[in-house]
Amino acid sequence: MGNDALQTGPLDPVDVLAERFLRAIRAAFPDLGPDPVDPAITPSKQPKLGDFQCNAAMALGKRLGKNPREVAQAIVQHVELSDLCEPLGADAIAGPGFINLRLRPDALSSLLTRMDAPGLGVPAPASPETVVVDLCGINLAKQMHVGHLRATIIGDAIARILERLGNRVVRQNHVGDWGLPIAMVVQKLREESGAGRIDLDRLTLDDLDRLYREAQRDCAADARGLACVTRFDLGPKARAELEEQVASANDAMARAKATLVALQAHDAQTVALWTRITDVTMRECLLSCERLHANVSARDSAGESSYATELAPLIEDLASRGIAEVSEGALVVRNEGIAEPTLVRKSDGGFLYATTDLAAIRRRVQKIGASRVIYTVDARQALHFKQVFASAHKAGFTARPDGTNARLEHAAFGTVLGEDGRPFKTRSGENVKLASLIDESIERATARIGEKNADLSPEERRTIGAAVGVAAIKYADLSNDRVRDYQFSFDRMLEFEGNTGPYLLYAVVRLRSIFRNAKQRGLDAGWQGAPIAIDQPAEKNLALALLRYPGVVRGAGDALEPHRVCVFAFELATAFSSFFDACPVLAAPDDATRRSRLRLCDLTLRVLEDALHTVGIPTIERM
RNA sequence: GUGCCCGUAGCUCAACUGGAUAGAGCGUUGGCCUCCGAAGCCAAAGGUUGUGGGUUCGACUCCCGCCGGGCACGCCA
């Protein structure tokens, strides 16, 4: 047989073939020198042509000044594939020099057998990295909305993928819990509770959300309006009204600023209010994270307040080292190639968003030890991060003990659009609360579950509905390319047909059902460790799909693209469905085939669940 | 004004980082349940990848110019 070579080394056929072809190319063209050679192995798009192909001959032909078909011929003569591929026939070399390859069933079987291990073929990294993922982005006194949905679940999926690849991942929820806007709410809450209009003990996030907006409004002075009234002489009444408004706003702003000072000075009563706001906000927001099965908890939170005392010394340091300079009264960092300077201190001495982000980078690289920091934040902040990253680098905050620099990456995501193609809002034009979004999806899913399966108890229906509703939202979001805007549609994502979260859960449920039935009929013994036979076309398709898994996770981690794992899960589920239709498992023609297929089903179930769990979608037993 | 992102089947989206005849799902049309969950499977129809150039053996992918849509651009976060 000669499959010994497949017992060790890489498991992904692309990697195995790459090794073989690299060796062959070196042997066929010894004078290539030390320059890197790309064996260019890819899965074939068209099954008619083969399972995999080698595209190296074209590039090599050019590099060597030779006819690429002759190059392909030379490669084929040197490559050792007898244990792996069907013999290369006369038609193996096609077109300009493609080499088409078809895996042998016993090779597939060997690779699958090795994949059938706890790690499912995903290799441990040579050197695990410490990666910080900045995700979620909760703001005090504000409800989470659709924007947070993406920041939370994409960030969590990226974190899970990197964890799955064996890295140490530290999640950081950069909570907006500091600064003037927060002081405005604290002051507003002080006034409202003082007047007996709010009961601090029964405070909810909805209350705070309302106070936040009221405080914003109270402090917004329309000085320009007043100037207009004066200029166009619109009469004493309009003038008096506006003057009063401006005076009241100025007054509210002054009180808020005083509160900010009190907060920064650790005034006990002010801090108590702030703590109350923090507790209420975090409790409700972290509950939403939990409902979304996003792995974000209190210990991942690193609020802006935690950097407060670092900012002044940090800015002094930047100024004294000449990294930052004064411009129009403010302090800025200028970076080559970026026209807009990064403001790090306002002319009134206050600090900004970018200041805190610089402190965060310094802590993440130097204290937490990150070699990679990933920001799952809205694409609209691209310029901000470009500026902050460049400034952090210039300031030396990305320097690691080993002399390298930490990589800073903005994993930008697009906007959630409604079915009208415009940003997703309620009918009245407000942001959609994340909590109500989850509620509605679960409600709809629960109703559908009841229609589809009347046998379920009310309790089962609730738990299944919750799982399906959340899977629908998450899969709809995560299966799209991160940077693009995408259209949110309950109807589409909860459709139980086609490329949806529910479909994938259904595939899991059917697989589980096979094993329940096997047990019932006394057929569930003897398949563990049984030889895997790849015979039928549907079995081969399933095998090829399974073997792609390690490469998919790796690629998703490199590109920070969870949708690759989603697309894979869908393709695996589809391959399984076809197999399920074409190849009887429990009613297989003989014992050996049944055992082989049971083992294949078991592997499929584990890989499918692993893929879904890797993007943060929990699976269920039945539905 | 400057810069960034996006234009792929009627609709919603992929395309493994430059590979062969651009793939799925929904919808449309036609098949498949006395058989492991039909929430499924099989098949058909549907395309000048916004547009015009360029780079090369080869372009949805890279470069340049237009058209159309979105976003961001010093004292908010």
Under 4.0 Å, counting only non-hydrogen atoms across every strand here, what does [X] touch: a base, just sugar-phosphate, or nothing?
X         : value
Val509(A) : base
Pro96(A)  : base
Phe570(A) : sugar-phosphate
Phe515(A) : nothing
Ser577(A) : sugar-phosphate
Ser513(A) : base
Lys386(A) : nothing
Asn100(A) : base

Does [N] have a Watson-Crick or wobble partner in any strand here, with both distances under 3.5 angstrom, and which is it?
N       : answer
rU61(B) : none
rA72(B) : rU2(B)
rG37(B) : none
rC66(B) : rG50(B)
rU28(B) : rA44(B)
rA20(B) : none

Self-check item: Distance, rounded to the nearest Å, where Gln487(A) contributes CD and rC11(B) contributes P
Solution: 11 Å
Answer yes or no: does a side-chain N or O of [X] lie under 4.0 Å from OP1 or OP2 of [N]?
X         : N       : value
His410(A) : rC4(B)  : no
Thr574(A) : rA24(B) : no
Lys45(A)  : rA15(B) : no

Quiz item: Using centres under 5.5 Å plus planes under 30 degrees as the test, is Phe496(A) stacked with rA39(B)?
Solution: yes
Quiz prompt | Anti/syn call for rC32(B), syn if |chi| within 90° | solution = anti
Quiz item: Can you check rU61(B) for me, syn or anti if syn means within 90° of 0?
Solution: anti
Quiz item: When you look at Asp357(A) and His174(A), which way does the side chain to side chain contact (heavy atoms under 4.5 Å, CB included) test go after all the steps?
Solution: CA-CA 9 Å; Asp357(A) 269 339; His174(A) 195 71; 3.6 Å; yes
Quiz item: Looking just at side-chain N and O atoms, do Thr415(A) and Arg380(A) make a donor-acceptor pair shorter than 3.5 Å?
Solution: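 Not at all, the side chains of Thr415(A) and Arg380(A) share no donor-acceptor pair under 3.5 Å.
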Self-check item: Closest listed nucleotide, where the reference is the side chain of Arg564(A) and the choices are rU17(B), rC75(B), rC11(B)
Solution: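 Nucleotide nearest to Arg564(A)'s side chain: rU17(B).
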